Undergrad: 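Have a look at this one before I ask anything.
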Amino acid sequence: MNDPGDLTDPTPVRVVLAKLGLDGHDRGLKVVARMLRDGGMEVVYLGLRQTTDTIIDAVEQEDADVVGISMLNAGHLTLGPRMVEALADAGLDVPVVIGGIVPDEDRPAMAAAGVAGVLGPGASADEVVACVRAAADTRG
Amino acid sequence: MDDQDHRFRTLSGIPVDPVYGDGPLPGEFPYTRGVHADMYRSRLWTMRMFAGFGTATDTNARFRELLAAGGNGLSTAFDMPTLMGRDSDHDWALGEVGRAGVAVDTVEDMTDLFAGIDLGAVSTSMTINGPAPILLAMYVVVAEEGGVARGQLGGTLQNDILKEYQAQKEYIFPPRPSVRLVTDTMAFTTAEMPRWNPVSISGYHIREAGSTAVQELAFTLANGFAYVEAAVAAGLDVDDFAPRLSFFFNSHNDFFEEVGKFRAARRIWARWMRDRYGATDERSLKLRFHTQTAGVSLTAQQPEVNIARVAIQALAGVLGGTQSLHTDSFDEALALPSEEAVRVALRTQQVIAHETGVVNTADPLGGSAYVEWMTDEVERRAEEVFAHLEDLGEGSLLEGVYAGIDSGWFAGEIADAAYRYEREVNAGERIVVGVNEFTEGDDPESRRLLRIGQDTEDLQRKRLATVKQARDEAAVAATLARVSADAAQPTTNLMPALLDAVRARATVGEVVDTLEAEFGTWVERAVI
Amino acid sequence: MTSSPPSASQAGDRSASQPEGRSRDRSVSELVAAARGGERRATARLLTLVERGGPLADEVAERAWTVLGGGAGATDGNRAHVIGLTGPPGAGKSTLVAAWTTRLVEQGHRPAVLAVDPSSPLTGGAILGDRVRMAEATAAGVFIRSMATRGHAGGLALAVPGMVRVLDLAGFDPVIVETVGVGQVEVDVASAADTVLVVVTPGMGDAVQANKAGLLEVADLFAVNKSDRPDAADTRRDLELMLDLSDLTGHGRTGAGTGPRSRPSIISTVATTGVGVDDLATATDAHMAALMADGALAGRREDRWRAEVRSHLDHLLLDASRRAVAGPVAGSLPESGSPAAVARSMLGQMAEQLLADPTGGLPDGPTGQGGAAAEGDR
């Protein structure tokens, strides 16, 4: 840090945040974006109606540390692993955090598929920031 | 008469009058206390439950069951690709065909959807916005091909595009051409479909996106005024179309705030319609609305607690004077509702209607110091929003709403409110039972998830291919060319061209693409 | 088959599928070579290094300077056309850039966009939303990088020219720098370009706002976006009037040290439908051609280079003074005295220390990326 009076992180975590699928409910995504901003992170917000391809373009060009995706009910089992796989296929070593309703019984399957973190609807700001930071740390 | 007497007594036998208090009574301007003099004594609200899933044939079977059970109103939910104006074989549609509603690609699907149903005798509500005029055209074509004249058709099209830019985000074209589509349908139905409600102005989605009660009310009424201004500018007379406008509100947890919101809504609408827009027909002044309980208030934790929330929210809707009501199912935070949960939700309305006695007198809360204050306060705060929008629009609410959409003002206000709420819950300043307090007793094991198969999507794609194979391609091209030409003429009503195109079996996606080429696509300004 | 060791092929597959997963471990020269070979990931990584500052940023700057070649005012065909784009919030800048760069790709160009948004002064975090409106451009292959202003204003003036140079060496042309024209820093950053485009919209007093924000003085071109609005003609007229006025007073369109500017042309656009986007491309090309024809380009680029050197020098001095107050010189800080006098006496001591150890005394935080500063050290 070059300025002793400057308390901000000189190398903030950069997160690409997106919603997969057609559904337009972005309340949760927007709340999470603000929580991460207030946690000192830089959020590259892609918004609604993204595909794995558009997310990968963004991750690559933005040199992102973490991908956060949000999805409608019941999409996590297919879309979460699909995102992880697509990133791996593109040769991008970037962890994926998923937001949405994920039943506890599905969590082991998500972890096995390589999803770095899962955030449910009741997650607090601290939990959200900690989860994304932990995911970023796995990247080294 | 004996029956009447029996009905309007308390549980202990005390007779109850139709109304109490003085001053403007229910049924009198400005209708704060209700749009009818005796409210639910003469007619209960409509208990409307929303349905739609899978292919048109699946939903048709459900419709027929409902009609056989004595219903006469159908309410249609479309799947995401249809809501976004895309065909089932579009890339975006992958995994979404028939999931959240019924898939409609061509008029043939609409024919299947209403097969064996007398469209002259039922009332159909269609929850669709971006491509609404296309779906309306399909409904008219199905009726006419089945021998029912368009003038006999009764129903409601949601067709409220402004709130899509503000909250639900199911828009296709930019705001101005989209509003032109709304006024085209208003002009068309006013002239040719006198029993049809062309717009249901909806605050529900604004609230679900995280707004406050005041924002829900103010944004929704502002949108209503915007449509009125747009229709008048398009040459319609206010009293010709205003009686056919209806509203759709959310009912959330804060009981008295909700009641105040409903009462203020009626008063504001009546005053503005009379004083600002010069409406003289009493029906133009009366705000009629549908209510749905707040989906966003339902919790995944201890889902059975949601039954209590829904009951209280439904009661607020009834005490606020709603004309129809949908109660959410307690398991909706987890998945699509189960049959058992849907039944409990409907029973909740029946308990309110038949056991609580709240229907015995009109506006039973009227005159309560707190309720009257709350009504005034909500109205005052809504007026502040109107003043801001009027400022933005330099005197025009329509232009103010456009400006607020363009700059992302609405989305920003809603996102601020949603974030404030989350922070309060986070900080424990606001208790959500079972989530941040009283959390013991939750059983995650009992939460199940409905998993939906892929069959519908394959079936629907085959169906679309078959219809395309059988149609006259030259006719499709010619009718789409007319859609394009008419779209380029801002003063031409698009409905006749849309009717021709869907009659020739042009798909929803083809018509949308044609319009998109002329109108452009809307991408929101990111306000996060 | 059974006798061949499976591990070799597995390892091979793994490394083949993730060759760039280790892009963080590659050296600057490897990254530069890969970026020049068209690898977007390497370009992205270099941008990150420059943005963070520090010794690696210096190394990238050094290499970029060597690779691009030429002097401070180089105008040969190897350098990208740098376009600054700014305007009030809500003018539709991102949408316009998306439509415009998509068209450029169709015409065979390789545009890149650097989109700058403010950081939160409280937390240092930021929400960068420009990509939302640029999906079409991303799909077409436009390289888009979002960046936050981060901590202090000076950092932006250091980082942006360095990042532009990385995009240039990676073969992107034109390079468009987009900022919200509200703060002086943002306006300055967008103005440090070959061509400065200011975007306004009808109806919201944008023309007047643009004038107040000093955008009129830096503009080479105006785009009146959303010009399908009924009041677009009024906005055009407002702009023309204000330009007339600044012509009359002779006070105006000469940005600090950037030489005289000719009267900007005004293009009408509708970003959402693509109307006027071709005109915009033609006008920016014409502006560049004119700069080259009358030799003004070299002057502009030299001015920019000088400004960049000055930014670096300011930064180095600022850093040195901070270190001085916190470090060795502080030990000899007088107990009292007028702050101005104390500072003046410290300046002397700092100068001695810098002379004694010109590099060692420098910060390990962000330092210069400019060729000049680096050259001065050698």
Side-chain angles (χ1 to χ4, degrees), chain A residues 1-19 26 29-51 53-65 85 87-94 125 129 132 139-140, chain C residues 16-25 39-41 43-49 51-54 112-113 117 119-133 135 138-139 141-148 150-152 154-155 315 318-319 322-323 325-326 363-367:
Chain A
M1 228 174 281
N2 61 310
D3 181 351
D6 184 357
L7 297 176
T8 57
D9 186 348
T11 57
V13 173
R14 285 171 68 86
V15 190
V16 163
L17 213 55
K19 180 137 185 153
D26 54 4
L29 195 68
K30 286 186 172 184
V31 167
V32 166
R34 288 171 176 223
M35 286 173 170
L36 295 176
R37 177 199 62 196
D38 292 352
M41 298 185 182
E42 288 181 0
V43 177
V44 178
Y45 187 84
L46 304 188
L48 298 171
R49 310 202 169 98
Q50 301 299 311
T51 64
D53 286 349
T54 59
I55 292 171
I56 283 173
D57 278 341
V59 168
E60 183 171 74
Q61 294 168 19
E62 302 290 351
D63 197 16
D65 302 302
E85 222 170 90
L87 284 164
D89 287 350
L92 288 161
D93 177 21
V94 180
V129 172
V132 171
R139 195 192 175 194
Chain C
S17 70
Q18 300 192 332
E20 299 88 359
R22 295 189 304 272
S23 70
R24 303 199 152 203
D25 306 330
E39 191 200 301
R40 294 182 164 224
R41 210 156 298 175
T43 305
R45 189 71 204 150
L46 288 169
L47 292 173
T48 303
L49 294 179
E51 191 179 15
R52 283 185 184 168
V113 179
D117 277 319
S119 299
S120 154
L122 292 178
T123 65
I127 295 176
L128 311 170
D130 290 273
R131 297 190 86 96
V132 171
R133 295 201 139 197
T138 309
V142 177
F143 188 101
I144 301 163
R145 177 64 171 239
S146 318
M147 72 178 289
R150 292 193 184 171
H152 41 89
H315 182 72
L318 191 66
D319 244 351
R322 279 182 180 140
R323 285 178 166 263
V325 172
D364 53 9
T367 60

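To find a chain, count down the sequence lines: A is the first, B the second, and so on, and within it residues start at 1. Because the structure is predicted, anything quoted here is derived from the model rather than measured.
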Undergrad: Between A:Glu42 and A:Glu62, is there a side-chain heavy-atom distance shorter than 4.5 Å?
TA: no
Undergrad: Measure the CD-CG distance between A:Glu60 and A:Leu87 for me, rounded to the nearest 0.5 Å.
TA: 10.5 Å
Undergrad: Measure C:Val142 against the heavy atoms of chain A and call it side chain, backbone, both or neither at under 4.5 Å.
TA: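 Backbone only.
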Undergrad: When heavy-atom pairs shorter than 4.5 Å are enumerated against chain A, which of C:Leu318, C:Leu47, C:Ile144, C:Asp117 gives the highest number?
TA: C:Ile144
Undergrad: Regarding A:Asp57 and C:Thr138, do their side chains bring together a donor and an acceptor under 3.5 Å, going by distance alone?
TA: no
Undergrad: Starting at CE of A:Met41, measure out to CG of A:Leu17 and round the result to the nearest 0.5 Å.
TA: 11.0 Å
Undergrad: Heavy-atom distances under 4.5 Å only: say whether A:Arg14 touches chain C with side chain, backbone, both or neither.
TA: side chain
